[in-house]
Structure formats: structure tokens, C-alpha cells
Amino acid sequence: MTFELSDNEIIHTQGSAKADQGWIKMTGRNQSDEGSPTAGRMQQKRNIQIIEWEDLDKRKFYSFGVFMTMTIRATVYPATLIRTRLQVQRGKSLYSGTFDAFFKILRAEGVQGLYRGFMVNTLTLISGQAYITTYELVRKYVSQYSEDNTVKSLVAGGMASLVAQSITVPIDVVSQQLMMQGQGEHLTRFRLNSNTETGKPKKVFGQTRNIMGQIFAADGFRGFYRGYVASLLTYIPNSAVWWPFYHFYAEQLSQLAPSDCPHLILQAMAGPLAAATASTVTNPMDVVRARVQVEGRSSVIETFRQLIKEEGGWGLTKGLSARIISSTPTALVMVVGYETLKKLSLRPELVDSRHW
């Protein structure tokens, strides 16, 4: 939600952004008027009905969710890898931009190069499920005190990101070190041993164990949480900001769309717009986070100062296009996928009660 979404990334990933199941105020009426006959006629098919946590068959929800998340991660991972390399490089020492990086990596390292670190990154599926569960439960809890969707979504999105990042950061640290292999040594402190790069076929997770051993030897357990504060400062705001913008864009689109426009189309358009906006707002901290984790720095503030000193304000925009390229399609797929997932996971007796 990092969607990043990243990388967030997916979440977010697992962004990495999620679909909104809240009400969109299509008619401009007060929520307290929902029960009246007049309000019912005004709503017609334009109100997006809530699919609440208690309405779901949890077994279906988690089973379908893992498959959906894995598919999305595999699709957007190359953009995540490119974004990381662009953010960590000095100036334009290796790549001049997103597409230049894509073609150079493809030529030099093949398709495999675009998926360096992917296997260990799949462990973020755990954080993805933690994000979903935390979001739904916190949203339900906050609804006891406020019915305002912006408040519920902002608080739930921020808390969900806090929980997810606590799981994701160690995975990201290892994954990012693997992403940087095959590049100049100045981009990362750790290099794979030669016997794992050539020669005999690699064992599953052999490179991962190699990198993990080097991180632990150099920094101890704390090394796996390098950039944790920077990650929280990046992804909590990103997750929290995404939701209000999602509401805003959905509401604006609802006023422009025909009255019989399917709800899913409005949601699918609002998600990427919100993702692009949130990515732009939070990208400076994402650049700092990537450098802290890859270069092994301990100070977020010092990393930020050095970045400004060496590359100026433009340094804070590094990797932004790659981030938007990865986050907007991810948001689109996640919005459509998540809403579809919840529809498929409805308890049987509720299936006919939800307008699609």
C-alpha cells in the first residue's frame, strides 16, 4: 500500500495500495438519511456498498488473497528492482532513466536480472496478509467512534502499514542487496561469493543465505532493521495518504460518470490516481530509505543532508517515474482484485445483497 505500494514497497505491496470498500458520497446527501425512502431512490445503484469484515468467509478470503498478491508481485517486481537501482546510484553513473535501466539490465543480465531477489521478496506475502487483516480490524474498531470514511481509512491505513513494515523491513533489506548484485561495487556493501555466481547450479535461497550471513557478520541482528525508521516515515504516510485521495478521486469521478456506470470502473480509475499522488508526495523519504538500507547508513537525517548536498532537490525525485510505473498498475490491479476477492469471499447468504 509499499501499496507500494513499493515496494513497496505490495503490498506492498504490498504497496507497496488496497481497494476501498467504503461508501462514496455520490449524491451529496448525509449518511444519516440513508434509511429514508427518498434517500433510497436517490441512491439507486450509485452507492458502493460496504463489504465488512464480518461479511467474509475468511478461508476463501485468505486463499484467494495469497494467489492474487503473488500474481501482482511477479508482475511489478521488475519496476521495483529498477526503482531501487535508480535511487541508490550516484547521479546517473549507470542509468539515465527508467527505460535506459530496463534495457541495460535486460541486455547485461537477461530476464533473470530483472528478478534478482524475487524469491526472498515473496516472503512479504506474510506482511501483505498482515496488512489486510490489520486494516480491516482497525477500520471496524474506529467505526465505533467515527463513521467518517476519511478518518477510518486514514487511521486503519497507517496502522496496517506499521504492522506490515515491521515484518517487511528485514525482507526488504536482504531483497534489496540481492537486487543490487551484478552492478558496480560502489552501490552496495555486500557482494555474493564467486562460487554462488558462476559454476554449479545455485541452491534455492543459496544467494539469500550468503547475503544474510554477510549482513549479520557486519551489523548483527540490527542490520536487518536498517532503514526501519525511514520505512515507517515513508510507508505509513503513503498508506494513510492513499486513502483520502482515493475517496477524493472516486467522489469526483462519480460526479462525472453516467448514473449507470459500474462501481468497479470508478474504483479502478480512482486507485491509480491516488497511488500516483501518494507516490509523488512520499518519494523523497523513499529515496532516503533505499539509501539507508543499501548503503548501511544509520542516520536518516544525515543521509537526507548528503543527498541534497550531492544532487540537490532533484535527487529527491530519483526513481519517481519507476515508482509511479509500478504503483499505478499495482493500484489498478489491487483495487479490481481486492474488490473482486471480497465479492468472491462473501458468505453465501449475502451474495445477492451486494450490487456490483
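These values consider heavy atoms only, across backbone and side chains, with no hydrogens, waters or symmetry-generated copies. Everything numeric in this text was worked out from a predicted model, so none of it was measured.
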Worksheet item: Hey, are the side chains of Val142 and Val151 touching, using non-hydrogen atoms and a 4.5 Å cut-off?
Response: yes
Practice prompt. Side-chain contact test, heavy atoms from C-beta onward, threshold under 4.5 Å: evaluate it for Leu154 versus Pro244 and give yes or no.
Written response: yes
Practice prompt. Look only at the side chain of Ser166 and the backbone of Leu162, and say whether a donor-acceptor pair between them is shorter than 3.5 Å.
Written response: yes
Practice prompt. Determine whether Val287 and Leu307 make a side-chain contact, defined as any pair of heavy atoms from C-beta on separated by less than 4.5 Å.
Written response: yes
Worksheet item: Which heavy atom in Thr303 sits nearest to a heavy atom in Ser299, and how many Å separate them?
Response: OG1-O, 2.7 Å
Worksheet item: What heavy-atom pair brings Ala130 and Ile167 nearest, and what distance separates the two atoms?
Response: CB-CD1, 3.8 Å
Fill in: side-chain contact (heavy atoms from CB on, under 4.5 Å) between Gln214 and Gln177, worked out
CA-CA 11 Å; Gln214 292 184 54; Gln177 293 294 340; over 6 Å; no
Worksheet item: Taking all atoms of both residues into account, what is the closest heavy-atom pair of Ala275 and Ser327, and its distance?
Response: CB-O, 3.7 Å
Practice prompt. Report yes or no: do Ser239 and Tyr131 form a side-chain donor-acceptor pair below 3.5 Å?
Written response: yes
Worksheet item: Parallel under 30°, tilted from 30 to 60°, perpendicular over 60°: which one fits the rings of Tyr115 and Tyr77?
Response: parallel
Discussion item. Please determine whether the number of non-hydrogen atoms from other residues, nucleotides or ligands lying under 6.0 Å from atom CZ of Arg222 exceeds 12.
Written reply: no
Practice prompt. Kindly work out whether a path of hydrophobic side-chain contacts (I/L/V/M/F/W/Y, heavy atoms less than 4.5 Å apart) joins Leu320 to Ile325.
Written response: no
Fill in: Flag if over 12 foreign heavy atoms under 6.0 Å of OH, Tyr249
yes
Worksheet item: Checking Gln165 side chain against Ser231 main chain: does a donor-acceptor pair fall under 3.5 Å?
Response: no
Fill in: Interatomic spacing from CG in Leu344 to CG in Asp57 - rounded to 0.5 Å
11.0 Å
Worksheet item: Under 3.5 Å, is there a donor-acceptor pair between the side chain of Arg347 and the main chain of Glu54?
Response: yes
Discussion item. Within the structure provided, determine whether Ile132 and Phe61 are in side-chain contact (heavy-atom separation under 4.5 Å).
Written reply: yes
Discussion item. How long is the straight-line distance from CD of Gln112 back to CD1 of Ile105, given to the nearest 0.5 Å?
Written reply: 13.0 Å
Worksheet item: What distance separates Arg305 CZ from Lys309 NZ, expressed to the nearest 0.5 Å?
Response: 11.5 Å
Item to complete: Taking the side chain as every heavy atom from C-beta outward, state whether Val288 and Gln306 have any pair of such atoms under 4.5 Å apart.
Response: no
Worksheet item: So, is the end of the Lys342 side chain (NZ or CZ) under 6.0 Å from the ring centre of Trp53 and within 45° of the ring's axis?
Response: no
Practice prompt. Hey, could you give me the NZ/CG distance between Lys318 and Asp286, rounded to the nearest 0.5 Å?
Written response: 13.0 Å
Worksheet entry | Test item: Phe216 and Phe224 side chains (from C-beta on) under 4.5 Å apart, heavy atoms | yes
Discussion item. Is there a path of hydrophobic side-chain contacts, each under 4.5 Å between heavy atoms of I/L/V/M/F/W/Y residues, joining Val173 to Leu123?
Written reply: yes
Discussion item. As a quick check of understanding, evaluate salt bridge (charged side-chain N to carboxylate O under 4.0 Å, His left out) for Lys152 and Glu147, giving each step before the final call.
Written reply: CA-CA 7 Å; Lys152 289 191 289 186; Glu147 287 300 325; 3.7 Å; yes
Item to complete: Group every Ile, Leu, Val, Met, Phe, Trp and Tyr by side-chain heavy-atom contacts under 4.5 Å, then state whether Ile215 and Tyr225 land in the same group.
Response: yes
Discussion item. Between Ser161 and Gly158 (side chain of the first, backbone of the second, donor and acceptor by atom type, cut-off under 3.5 Å), is there such a pair?
Written reply: no
Discussion item. Taking Lys140's backbone N and O only, do any of them form a donor-acceptor pair with Ser143's side chain (distance below 3.5 Å, no angle check)?
Written reply: yes
Practice prompt. Identify the two heavy atoms, one from Thr328 and one from Ala276, that lie closest to each other, and give their separation to 0.1 Å.
Written response: CG2-CB, 3.7 Å
Practice prompt. Indicate yes or no: at least one non-hydrogen side-chain atom of Arg116 is less than 4.5 angstrom from one of Glu109.
Written response: yes
Worksheet entry | Nearest-0.5 Å distance that lies between atom CG in Asn238 and atom CG in Leu233 | 12.5 Å
Worksheet item: Do any N or O atoms from the side chain of Asn283 and from the backbone of Leu316 form a donor-acceptor pair under 3.5 angstrom?
Response: yes
Worksheet entry | Distance-only side-chain donor-acceptor flag, Thr168 / Tyr235, under 3.5 Å | no
Item to complete: Return yes if some donor-acceptor pair links the side-chain N/O of Arg291 with the main-chain N/O of Gln87 below 3.5 Å, else return no.
Response: yes
Discussion item. Are Ile301 and Ile308 linked, directly or through intermediate hydrophobic residues, by side-chain heavy-atom contacts shorter than 4.5 Å (ILVMFWY only)?
Written reply: no
Item to complete: Work out which heavy atom in Ser279 is nearest to a heavy atom in Ile324; give both atom names and the distance.
Response: CB-CG1, 4.3 Å
Discussion item. Any donor-acceptor pair under 3.5 Å linking the side-chain atoms of Thr282 with those of Arg289?
Written reply: no
Discussion item. Can you give me the closest heavy-atom contact between Met159 and Val138, atom names plus distance?
Written reply: CB-CG2, 4.1 Å
Discussion item. So does Met119 get a backbone contact from the side chain of Thr122, meaning a donor-acceptor N/O pair under 3.5 Å?
Written reply: yes
Worksheet entry | Nearest-0.5 Å distance that lies between atom OH in Tyr95 and atom CZ in Arg85 | 4.5 Å
Discussion item. Membership question, hydrophobic clusters at under 4.5 Å side-chain separation (ILVMFWY): are Met70 and Leu114 in the same one?
Written reply: yes
Worksheet item: Are side-chain heavy atoms of Thr133 and Tyr62 found at a separation under 4.5 Å?
Response: yes
Worksheet item: Any donor-acceptor pair under 3.5 Å linking the side chain of Thr234 with the backbone of Met285?
Response: yes
Practice prompt. Keeping the roles fixed (side chain from Ser345, backbone from Leu341), state whether a donor-acceptor pair exists under 3.5 Å.
Written response: yes
Item to complete: List the steps, then state whether side-chain contact (heavy atoms from CB on, under 4.5 Å) holds for Phe118 with Leu178.
Response: CA-CA 9 Å; Phe118 177 71; Leu178 289 169; over 6 Å; no
